[in-house]
Amino acid sequence: MLEINNIRENKESIIGQLKIRNKDFEKLIFEVINLDELRRSAQFKLDNELAELNQLSKKIGELFKTGQHQQANELKQKTALLKDSTKTLKQQLVDSENSIKEILYQIPNVPNKLVPSGNSENDNEVIENYGHTPQLFAGAIPHWEIAKKYNLIDFELGVKITGSGFPVYIGKGAQLQRALINFFLNEAIASNYKEVIPPLVVNEESGFATGQLPDKEGQMYHMQEDNLYLIPTAEVPITNIFRNTLLKEDDFPVKRVGYTPCFRREAGSYGKDVRGLNRLHQFDKVEIVQLAHPENSYAILDEMVAHVKLLLDKLELPYRVVRLCGGDLGFTAALTYDFEVYSSAQQKWLEVSSVSNFETYQSNRLKLRFKNNNNKNQLVHTLNGSALALPRIMAALLENNQSEKGISIPKVLIPYTGFDTINDKE
RNA sequence: GGAGAGGUGGCAGAGUGGUAAUGCAACAGCCUGCUAAGCUGUCAACGAGCAAUCGUUGCCUGGGUUCGAGUCCCAGUCUCUCCGCCA
């Protein structure tokens, strides 16, 4: 969430920049500024009354000690009056603080200057393009048919066990999946990310801190009995490792990578684009997370983009990079680059990665700070990105690498799979 | 699931009703051939002020008792230990 002091000091530019999201937040901003003024004046009055109360208490203590009970009792009556009025002021203070928080939850992050205006994904700015659509051989079939042909993934079996969107990977399908995970992890480790295996279940506080709650409550699986949530992305547990922490300047850069399954309810997205691996309730993902000094967080963002590019280059997949427009930008992000691979049998671009800078939007809720050179506590910038999400990579690999001879495995993966072709039905 | 113990600053750790010791780390200044040590201050949030500074809050959370609560009472929550069950 945005910092109230920042809003107060830069309201004009914040209102202006938020317009890129195609929504006017002017009213909310002014409302929150007014509430903040109310809050401050209530606190000022309260502070003064409490100061007086403290003085009186001190005096009463001294009077009792020296045996002047009568005078003490007279003062006591005075404190009773003051106490009543502090109670109302305190209530005012708490009320205004709560209202401020409620409004702040409704205000998304301020888009970076680079974010283009636009309404939907159609207005995203293509930064880097593969150039041409890959050609395929004549008998190309979509990945769900390939998966069936070679018995790599069984979607119906998953329906039996759980429900739709929970596929079962089998034989070489499972091995290829595991190979990709290991490949992604090793590449990240080679780039100095430290691997973590976090919990797959998080509490309410963690959900709030990274911004999934209260915004996307319905997107997460919730275990009511224990009030815990299945993670929709490793971003949640990995970023929350650093909740309530104070870093030092020379702790930067903090780089973490983790592989986890991700669970998403995807409520309301039935019917469209859900065939095969395109949209699942459970999927695997390798996530990279960085904590950065505010001064160079955008250089770090570029570094993370470069990392993802390299992965796709090595996998020899046709891809493009797009900069999300205001209408498509996530609630908590200031700037996001999406990576899309071309799925040639479906003739579609599929999103496989999303790399974002959240600036202080998450760290404000996380209370994630560092002690800067002036010995002041300052909020850290948080960034994360998928590197990469597995299912659509798998889909693209199967579709793009098919030929009469079967599915060929990219060179970099062969040491991980132990086979270079899939051409039999096990 | 049963029983017990506990939650204090960045960290460690005292504090049985009078307004958060002490140590370590960090930052600034002083001192000193250099380094180390030493001394002083700062070192959580919020508010008032141009500022020096001042005030308030802060001891897991929320209530309560009291002129005054880290300390007493009630409820909740989390952690640890032991027992039970179990990969």
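Chain A is the first sequence line, chain B the second, and so forth, proteins listed ahead of strands; every chain is numbered from 1.
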Given the [atom1] atoms of [N] and [M], what is the spacing between them in whole Å?
| N | M | atom1 | value |
| --- | --- | --- | --- |
| B:U81 | B:G68 | C1' | 37 Å |
| B:U61 | B:U66 | P | 23 Å |
| B:A21 | B:G15 | C1' | 7 Å |
| B:A87 | B:G4 | P | 29 Å |
| B:C83 | B:A75 | P | 28 Å |
| B:A26 | B:C43 | C1' | 8 Å |
| B:U71 | B:A14 | C1' | 13 Å |
| B:G13 | B:C27 | C1' | 23 Å |

Neighbours of RNA chain B within residues 234-250 of chain A, by heavy-atom distance under 4.0 Å: A:Leu246
Those residues of residues 47-56 of chain A lying under 4.0 Å from RNA chain B by at least one heavy atom: A:Asp47, A:Leu50, A:Ala51, A:Asn54
Salt bridge present between A:Asp251 and A:Lys248 (N-O < 4.0 angstrom): no
Pairs involving residues 75-101 of chain A, ordered by first then second residue, that meet ring-ring contact (aromatic ring centres under 6.0 Å, His included) (sequence neighbours left out): none
Let's test this: given Watson-Crick or G-U wobble pairing with both distances under 3.5 Å, identify the partner of [N].
| N | result |
| --- | --- |
| B:C31 | none |
| B:A5 | B:U79 |
| B:G47 | B:C54 |

Please tabulate, one pair per line, all N/O donor-acceptor pairs under 3.5 Å involving side-chain atoms of residues 385-392 of chain A, not counting sequence neighbours.
| unit_1 | atom_1 | unit_2 | atom_2 | d |
| --- | --- | --- | --- | --- |
| A:Ser386 | OG | A:Ser354 | N | 3.1 |
| A:Arg392 | NE | A:Asn278 | O | 2.8 |
| A:Arg392 | NH1 | A:Glu351 | O | 2.8 |
| A:Arg392 | NH2 | A:Asn278 | O | 2.8 |

Determine all donor-acceptor pairs shorter than 3.5 Å in which one atom belongs to a side chain in residues 308-316 of chain A; sequence neighbours excluded.
| unit_1 | atom_1 | unit_2 | atom_2 | d |
| --- | --- | --- | --- | --- |
| A:Lys309 | NZ | A:Glu128 | OE1 | 2.8 |
| A:Asp313 | OD1 | A:Tyr319 | OH | 3.1 |
| A:Lys314 | NZ | A:Glu187 | OE1 | 3.0 |
| A:Lys314 | NZ | A:Glu187 | OE2 | 3.3 |

Test ring pair (Phe, Tyr, Trp, His ring centres under 6.0 Å) applied to A:His293 - qualifying residues, sequence neighbours left out: A:Phe252, A:Phe370
Set of residues satisfying ring pair (Phe, Tyr, Trp, His ring centres under 6.0 Å) with respect to A:Phe208, sequence neighbours excluded: A:Tyr105
Of all pairs that satisfy side-chain hydrogen bond (donor to acceptor under 3.5 Å, both in side chains), the ones with a partner from [range], not counting sequence neighbours:
| range | value |
| --- | --- |
| residues 13-31 of chain A | A:Asn22-A:Asn119 |
| residues 44-55 of chain A | A:Glu49-A:Ser85 |
| residues 411-421 of chain A | A:Asn186-A:Tyr416 |

For chain A, the stretch of RNA chain B it reaches, first to last nucleotide, under 4.0 Å of its heavy atoms: B:G10 to B:G68
Qualifying residues under salt bridge (charged side-chain N to carboxylate O under 4.0 Å, His left out), relative to A:Glu125, sequence neighbours excluded: A:Arg323
Within 6.0 Å of CD in A:Glu195, more than 12 heavy atoms from elsewhere: yes
